[in-house]
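Input: a single structure, listed below in structure tokens.
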Amino acid sequence: MNDWECLHAALAQGPVCLVEVTAIQGSAPRGPGAWMAVQENALIGTIGGGHLEWEATRLAREWVQQGLQGHSRTHRLALGPSLGQCCGGAVDIRLSVVAHQAALEAVAARLQQVRVPVALFGAGHVGHALVRVLQPLPFTVHWVDSRDGVFPSPVPAHVFCEHSSPVQDAVRDLPAHSLVLVMSFSHAEDLDVVCACLRRQRTQGDMPFLGLIGSATKWAVFQRRLLERGFTQAEIAHITCPIGVAGVPGKEPEVIAIAVAAQLLQQRQQQLSSC
């Protein structure tokens with residue numbers, strides 16, 4: 001379960017004390033919006049670890065033991081000698097009561113990170129590993145394959161599965177500004193999806209990232225075939241192949257998934273910074 005699912009489950013056992021980072025000054029382990037939830041014998045989420053988190057947990061449990069009197073209170077914790085941390089900044093935290101699911105929904109609307117859409121074409125070994133890695137990260141995944149019986153059951157949260165045949169037809173209805181990854185079971189399908197994405201990018205300009213799994217040899221063949229299909233060098237340059245951050249060795253599905261997830265996080269940051 002992710003942190004929000006754990007928090008839902010914890011509320012069935014009683015109220016929790018929510019600890020939110022509301023502001024920071026100088027250097028700090030986490031920024032505003034980081035949170036954790038504290039019960040007598042449970043801790044969900046993190047505001048950065050170390051003595052800062054230990055002290056925040058102590059304050060929250062102290063409040064829990066007092067019966068959670070009042071709705072909220074604030075504290076400023078200096079990250080200097082008093083907490084044994086050398087960050088040198090200060091963190092403002094807010095403690096508040098979450099006693100029922102309705103209150104949690106309001107909290108979630110305020111604290112949950114903006115989710116960026118990812119379109120994933122291919123439910124092979126790497127696709128499955130990538131969906132698992134992305135599960136706790138701030139993305140929604142539109143997962144497409146032309147084959148039957150390839151998606152997991154149950155489907156993870158924030159993942160929408162689509163059977164599409166021909167597979168490239170799904171490109172038309174993808175959310176705008178999706179980060180697209182192409183890794184189907186077939187090079188022919190990969191090419192069809194890439195072509196559909198480039199055509200959409202040509203007319204709508206709303207696909208900021210188009211990644212294709214493959215070797216240098218595959219990429220050389222694809223570049224030639226895309227030129228034959230009428231795409232320009234500038235359009236082809238919009239494709240990232242191979243995918244994944246550089247310098248991560250290994251071809252195991254889980255290793256590739258971690259490298260690709262890191263690249264998606266970089267793309268997400270660029271996308272949010274440009275908003």
Side-chain angles (χ1 to χ4, degrees), residues 115-131 134 139-147 150 159-248 251 253 256-275:
R115 291 186 174 274
V116 167
V118 171
L120 173 59
F121 287 87
H125 295 299
V126 176
H128 278 259
L130 182 59
V131 167
L134 293 181
F139 298 100
T140 57
V141 181
H142 189 116
W143 198 3
V144 186
D145 204 291
S146 63
R147 300 166 294 172
V150 293
V159 176
F160 168 70
C161 298
E162 178 182 357
H163 173 267
S164 180
S165 184
V167 68
Q168 65 270 21
D169 282 359
V171 171
R172 179 185 59 247
D173 298 321
L174 293 178
H177 309 296
S178 292
L179 307 177
V180 182
L181 296 167
V182 183
M183 53 179 72
S184 81
F185 72 98
S186 160
H187 285 195
E189 278 202 354
D190 283 354
L191 184 61
D192 287 338
V193 173
V194 168
C195 288
C197 289
L198 289 179
R199 292 190 190 100
R200 174 165 165 169
Q201 179 66 12
R202 178 186 289 172
T203 59
Q204 298 176 226
D206 64 351
M207 287 192 162
F209 180 80
L210 174 55
L212 171 68
I213 197 169
S215 62
T217 301
K218 177 182 176 180
W219 180 224
V221 171
F222 266 56
Q223 291 180 81
R224 175 173 55 80
R225 291 179 177 173
L226 289 169
L227 288 170
E228 291 170 354
R229 293 197 183 194
F231 295 102
T232 67
Q233 289 284 6
E235 289 175 317
I236 295 170
H238 187 64
I239 302 166
T240 296
C241 183
I243 51 175
V245 295
V248 180
K251 296 184 178 181
I256 297 172
I258 289 169
V260 172
Q263 189 172 45
L264 291 177
L265 286 169
Q266 291 174 337
Q267 292 294 321
R268 175 183 180 273
Q269 184 60 40
Q270 291 178 21
Q271 195 171 122
L272 294 181
S273 298
S274 65
C275 293

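For the numbers below, each heavy atom of this structure counts, side chains included, while hydrogens, waters and symmetry mates do not.
A 4.5 Å side-chain heavy-atom check between Ile258 and Val248 finds every atom pair outside the cut-off. At least one side-chain heavy atom of Leu191 sits under 4.5 Å from a side-chain heavy atom of Phe222.
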>> Using side chain to side chain contact (heavy atoms under 4.5 Å, CB included), reason through Val194 and Gln168 one step at a time and then give a plain yes or no.
In response: CA-CA 8 Å; Val194 168; Gln168 65 270 21; over 6 Å; no

> Going through the distances and angles, do Ile256 and Met183 end up as a side chain to side chain contact (heavy atoms under 4.5 Å, CB included)?
Replying inline: CA-CA 12 Å; Ile256 297 172; Met183 53 179 72; 5.9 Å; no

> Yes or no on side chain to side chain contact (heavy atoms under 4.5 Å, CB included) for Arg200 and Leu174, after CA distance, side-chain angles and deciding distance?
Replying inline: CA-CA 10 Å; Arg200 174 165 165 169; Leu174 293 178; 3.8 Å; yes

> Run the salt bridge (Lys or Arg N to Asp or Glu O under 4.0 Å) check on Arg229 and Asp192 step by step: do they pass?
Replying inline: CA-CA 11 Å; Arg229 293 197 183 194; Asp192 287 338; 3.5 Å; yes

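Atom CG in Leu181 sits 12.5 Å away from atom CH2 in Trp143 (nearest 0.5 Å). In this structure, CD1 in Ile236 is found 5.0 Å from CG in Leu226, a value given to the nearest 0.5 Å. Here Leu179 contributes atom CG and Phe139 contributes atom CZ; the two are 6.5 Å apart, rounded to the nearest 0.5 Å. Taking CD1 of Ile239 as the reference point, atom CE of Met207 lies at 12.0 Å (rounded to 0.5 Å). Here the straight-line distance linking atom CZ of Arg199 with atom CZ of Arg172 works out to 13.0 Å at 0.5 Å rounding. The CD atom of Glu189 sits 7.5 Å away from atom CZ of Arg147, with the distance rounded to the nearest 0.5 Å.
Remark: of the listed residues His238, Gln201, Gln271, Gln271 is the sole one forming a side chain to side chain contact (heavy atoms under 4.5 Å, CB included) with Pro208. Paired with Phe209 under the rule side chain to side chain contact (heavy atoms under 4.5 Å, CB included), one option of Gln266, Gln270, Gln267 passes, and it is Gln267.
Not one N or O on the side chain of His128 forms a donor-acceptor pair closer than 3.5 Å with the backbone of Pro253. A donor-acceptor pair under 3.5 Å links the side-chain atoms of Lys218 to the main chain of Ile213, judged by distance alone. Under the 3.5 Å distance criterion, the side-chain polar atoms of Arg268 are left unmatched by any main-chain donor or acceptor of Val116. The closest donor-acceptor contact from the side chain of Thr232 to the backbone of Glu235 lies under 3.5 Å. Although no hydrogens or angles enter the test, the distance criterion places a donor-acceptor pair under 3.5 Å between the side chain of Ser164 and the main chain of Pro166. Within the 3.5 Å criterion, the main-chain N or O of Val180 finds no donor-acceptor partner in the side chain of Ser178.
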Side-chain donor-acceptor distances from residues 117-125 under 3.5 Å, at least two apart:
none

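For the residue pair Ser184 and Ser186, the shortest heavy atom distance occurs at OG-O, 2.8 Å. Closest approach of Ala261 to Leu134, counting heavy atoms only: CB-CD2, 3.9 Å. In terms of heavy atoms, His163 sits closest to Ser146 at NE2-O, 2.8 Å.
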